[in-house]
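Input: a single structure, listed below in structure tokens.
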Protein chains: 2
Amino acid sequence: MKAAMWYGLHDVRVVDVAEPPVEAGMVKIKIEWCGICGSDLHEFTTGPITIPVNTPHPLTGQVAPVILGHEFSGTVVEIGDGVTNVQIGDRVTVEPILTCGECVQCKSGRYNLCSQRGFHGITGGGGGFSEYTTIQSDLVHKLPDNISFEEGAVVEPAAVAVHAVRLSSLNIGDSCAVFGAGPIGLLIIQVARAAGASKIVAVDVSEQRLSKALELGATHIVNPTRQITAEVIHDVTDGHGVDVGFEAAGAELSFRETLQSVKPNGEMLIVSLWEREVSFNPNWLVLDERKIVSSVAYCREYPEVISLIASGKINARGLITKKIQLDDIVEEGFKTLLTDKTHSKILVAPTLR
Amino acid sequence: MKAAMWYGLHDVRVVDVAEPPVEAGMVKIKIEWCGICGSDLHEFTTGPITIPVNTPHPLTGQVAPVILGHEFSGTVVEIGDGVTNVQIGDRVTVEPILTCGECVQCKSGRYNLCSQRGFHGITGGGGGFSEYTTIQSDLVHKLPDNISFEEGAVVEPAAVAVHAVRLSSLNIGDSCAVFGAGPIGLLIIQVARAAGASKIVAVDVSEQRLSKALELGATHIVNPTRQITAEVIHDVTDGHGVDVGFEAAGAELSFRETLQSVKPNGEMLIVSLWEREVSFNPNWLVLDERKIVSSVAYCREYPEVISLIASGKINARGLITKKIQLDDIVEEGFKTLLTDKTHSKILVAPTLR
């Protein structure tokens, strides 16, 4: 079968690999659509970050080259012995997080913080940018009939956004600001709206992303290249600052502006990943008892996220800006996302359509 | 009367000033002892930080020169009309925080975050490094008979420590690390012990401060100039990290080490003030959902703090390393604290003893 594999920095190739075997407890899925994630781009432009290269990943036993793709939907085509939660023919999506089940974090129920945490589609074990993949059955979730395969491929990033908002202190009626209107930022905007936020300020340097943000639920937009973010936040919140500032851009300026947008006793939540250090004065926290919390992945939230998409509270389709074939993943996928900020989520079809 | 006033950077003078008048609702106190605080040192070495110099402070109407000293005890010598909570002759300490009572923070009960917040002894309105001071009666708290005037002068920094631990997530049985074993760090160690912490790791570069930390309740000590902090924390916590890391040093290395000492899903609490920016990688937070919270001053906690000292749960006397006369405040006080890290709390007597 064909699969897109990460070989090294700026080196992702579509190659022929053997179809994965189905072992006991495993499910084989024919991939329908798989989204390109910011993490994939990070690995392409500055990796390896999470991809194992010298030491095999403790849970998958693999090193690069590895198959990429962890935001996918598909159809169950085979099940291993003992699998009871899905059947052949089921339309499904996958929670791609791999955990040891043994560490103190796993045993405390916070498996997203597993000390050996891996991701199917990043740390080996197969991935969604391939015609087929196999994964343990308890990570496979059925899609209801009213969720398309395209929307099913957006469940994973939507789960990141839902987890982030659930970890934040955002309460119904609160104001918030979302820095970075990429896919995660746009999903956080929708989740915050669904959670009853009164004011949702989207901040991004791209006008196209900002108009998408307005379309998906932002009540105000700020372009820091043309406006002073602090002044807009000041006006929108009657001088108080927002209750929660979501940092979904992963850049130093955004870090600083998010913190400065937050009211005294308010909270900044970081959901982005970082390629370098940031500099800031901790007095910004201390003098007004502000807080910084953080969020990674998701933990027991897939059924709720699928339900939020099924009910229309999250418009997954609204994020998708392009659909491409697997052979075009580097040129039409990665490179397009890196250069053209009008794009949000690009979906890849491993099987020719 | 004599008073120590801040005139500018490295310029604190003991001068003669008029005794303050007692207006309605005010209490006049003859100061017995007043401690030198880290904030006083910051103003001396890198000020003005909080001291108003060009624009009068909104609550006191004053600019420098201002009388310093906000950690003090004394005897009530006169009361203004309408004062009922204290009488002439009462032994008292003072909560030196000045607030507007009108802003959203004050009205929300978080007066320590008042948008116009000032401090008696920093932002004008009198201070403890003088023979007498006057202050509004609701900020005056009586000392029980079994608390000495010396201990009464330590109530203010003890309140900073109690507020910090109360704001933290520290729970009975938890482990913690305290970075910086100056007065606030040593008080946090005691408060954490009183709150039931199982392990309390004190981190400081001074051996004398570390042995004081052990004496006051630390279960382990680390000197980063001779040990690798992360290794000690790793050993002490079976590889997990501490539940809460208290940053009470205000230095970049300490910021980084505090965050690195905290377990996944754990918390760093910053109680120190900062003279410059720090650099760090937010992935330290995000990849394991760590948090940074912060704490400033105190809020409705003085009676509890006085009770903790009276019951012996906080050993206020253990912090005092030197007692001096007002005339010696610069040479024997500020300069000694800046150069000799064997000292913890130095108390100043405004009236010759």
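In what follows, chains carry the letters A, B, and so on, assigned in the order in which the sequence lines appear, proteins first and then strands, with residues in each chain numbered from 1.
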Contacts of residues 36-50 of chain A with chain B (heavy atom under 4.5 Å): none
Part of Ser272(A) within contact of chain B (heavy atom distance under 4.5 Å): backbone
Asn281(B) side, atom CG; Glu275(A) side, atom CD - distance, nearest 0.5 Å: 10.0 Å
Leu9(B) atom CG, neighbour heavy-atom count above 12 within 6.0 Å: yes
Option in Val271(A), Ile270(A), Val278(A) with maximal non-hydrogen atom pairs under 4.5 Å from chain B: Val278(A)
Options Asn265(B), Asp288(B), Leu273(B), ranked by heavy-atom pairs under 4.5 Å with chain A, top entry: Asn265(B)
Residue part contacting chain B, namely of Gln105(A), when any heavy atom lies under 4.5 Å: side chain
From Arg276(A) atom CZ to Ser279(B) atom OG, the distance as rounded to the nearest 0.5 Å: 11.5 Å
Residue Val104(A) versus chain B: region with a heavy atom under 4.5 Å: side chain
Largest heavy-atom contact set with chain A, pairs under 4.5 Å, which of Glu252(B), Arg290(B), Glu289(B): Glu289(B)
Heavy-atom pair of closest approach, residues Trp274(A) and Val286(B): NE1-CG2, 4.2 Å
Contacts of residues 291-299 of chain A with chain B (heavy atom under 4.5 Å): Lys291(A), Ile292(A), Val293(A), Ser294(A), Ser295(A), Val296(A)
Residue Leu167(A) versus chain B: region with a heavy atom under 4.5 Å: side chain
Working for side-chain contact (heavy atoms from CB on, under 4.5 Å), residues Phe280(B) and Phe280(A): CA-CA 9 Å; Phe280(B) 85 113; Phe280(A) 85 112; 3.4 Å; yes
Euclidean distance, Leu285(A) CG relative to Met268(B) CE, rounded to 0.5 Å: 8.5 Å
Part of Arg110(A) within contact of chain B (heavy atom distance under 4.5 Å): side chain
